[in-house]
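Notes follow once the structure below has been shown.
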Amino acid sequence: MNTTMIKAKLKTIIPSVYLSEVAKGLIEVENFLIEEGCRPSSPVLKDSLTSLVKAGGKRLRPIMTLLCGFAGKFDRQKLVPAAAAVEIIHTASLVHDDIIDGAEFRRGRKTLERRKGRIHAIAAGDYLFARAFELLAALKEVDAIDILTRSAVDLSLGELDGHLFRRKMNIKKSDYFKLIGRKTASLFSAACRLGAQISGTSKREARLLANFGWFIGLAFQAYDDILDVIGNERSLGKPAGSDLREGFLTLPYLIAMEKGQFVSEMKIVSSGRASKKFVKEVVLKIRKTDIIERAMEEARGLTEKAIDSIREISNPDLENTLENIGSYVVQRYS
Ligand code: FPP
Ligand code: MG
């Protein structure tokens, strides 16, 4: 993608004050991902890594790192590798997550494991994860390593929680929010804090932006889990209802059970005896209830908390831009 295409893509969420800088930064992030992120000595691995990067994605985390770089002095030279490292950690975690979930599709194509085998996919995820920290270390920003190692620990714990909760009926909404805090919000929060720290803003502003990232991450994951129920295969890049089929009782299902709805269906799913057809029917039925709207309200409430977190930052343009990101996160289709 060239700058004009990236600008067109970003225009709806990023107002003109920052559009050019962020578009330029994002182009550089894309190039950096290919040239630096995918540069192992093994040509076999290089093909896989390049295919992962080229499969795209929303690039929301690196966008947030770049944007939070406007909290102080915007330093594109440092922000680009930092934003790329965040995206590389995210990509590594998805490669491993697909192996753990036994997923067949990611971003509209077969997962790396399905294309190249399990060992290859594990090695590719490991490589990306290690490479991200190598690139961060080269930045010589002490805080950068600190911020992202803490998030990587959380990601691992979150993934583990997810699997401890799989096919369990006694999960509460508080368990769910703790889980998505670890597996998703921690990296969003780190992405924002990293950009802010690199810009040299005050610790207080960096903390406010990290809080923003935390709540946006929660809203993002909650909305993602809603999309898994209401979305279609084309926009999701995988079949709708994948979470339920894999035995993950996410927000919409927990809201349903809290109200005593669909409990027997959830028991069947949790027993591992549900057929694909059964899961599809449950998903279609849930779509017709007010469960989705209730889940949406929770996701919107989280974006409001995110926006409240940045009421006191000193740059009003940044505050407005991040508000737009908040709205986008709970209105997107994929
Ligand atoms: C996707 O969740 C998974 C994550 C956001 C976190 C995955 C974390 C790990 C595998 C552990 C850390 C590993 C490394 C290498 C850093 P999901 O399954 O709900 O989303 P999906 O529907 O997109 O698969
Ligand atoms: Mg998954």
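Numbering of ligands and ligand atoms starts at 1, following listing order.
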Check whether any N, O or S atom of D101, backbone or side chain, sits closer than 2.8 Å to the Mg ion (ligand 2). yes
Whichever hydrophobic residues join V153 through chains of side-chain contacts under 4.5 Å: L157
Only pairs at least two apart or in different chains count here, so list each ring pair (Phe, Tyr, Trp, His ring centres under 6.0 Å) that has a residue in residues 85-119. none
Do S20 and K7 have side-chain N/O donor and acceptor atoms under 3.5 Å apart? yes
Side chains of S235 and N232, donor plus acceptor under 3.5 Å: yes
Give a yes-or-no answer on whether the side chains of T289 and Q261 include a donor-acceptor pair shorter than 3.5 Å. no
Donor on one side chain, acceptor on other, S48 and K116, under 3.5 Å: yes
Pairwise, report which nitrogen or oxygen atoms of ligand 1 are under 3.5 angstrom from protein nitrogen or oxygen atoms, and how far apart they are.
unit_1   : atom_1 : unit_2 : atom_2 : d
ligand 1 : 2 (O)  : K183   : NZ     : 3.2
ligand 1 : 18 (O) : D97    : OD1    : 3.4
ligand 1 : 18 (O) : D97    : OD2    : 2.9
ligand 1 : 18 (O) : D101   : OD2    : 3.1
ligand 1 : 19 (O) : K183   : NZ     : 2.5
ligand 1 : 22 (O) : K238   : NZ     : 2.5
ligand 1 : 23 (O) : R106   : NH1    : 2.7
ligand 1 : 23 (O) : R106   : NH2    : 3.3
ligand 1 : 24 (O) : D97    : OD2    : 2.9
ligand 1 : 24 (O) : R106   : NH2    : 2.8

Considering only residues two or more places apart or on different chains, which pairs with a residue in residues 147-181 satisfy ring pair (Phe, Tyr, Trp, His ring centres under 6.0 Å)? H163-F248
Counting backbone and side chain alike, does D97 bring an N/O/S atom below 2.8 Å of the Mg ion (ligand 2)? yes
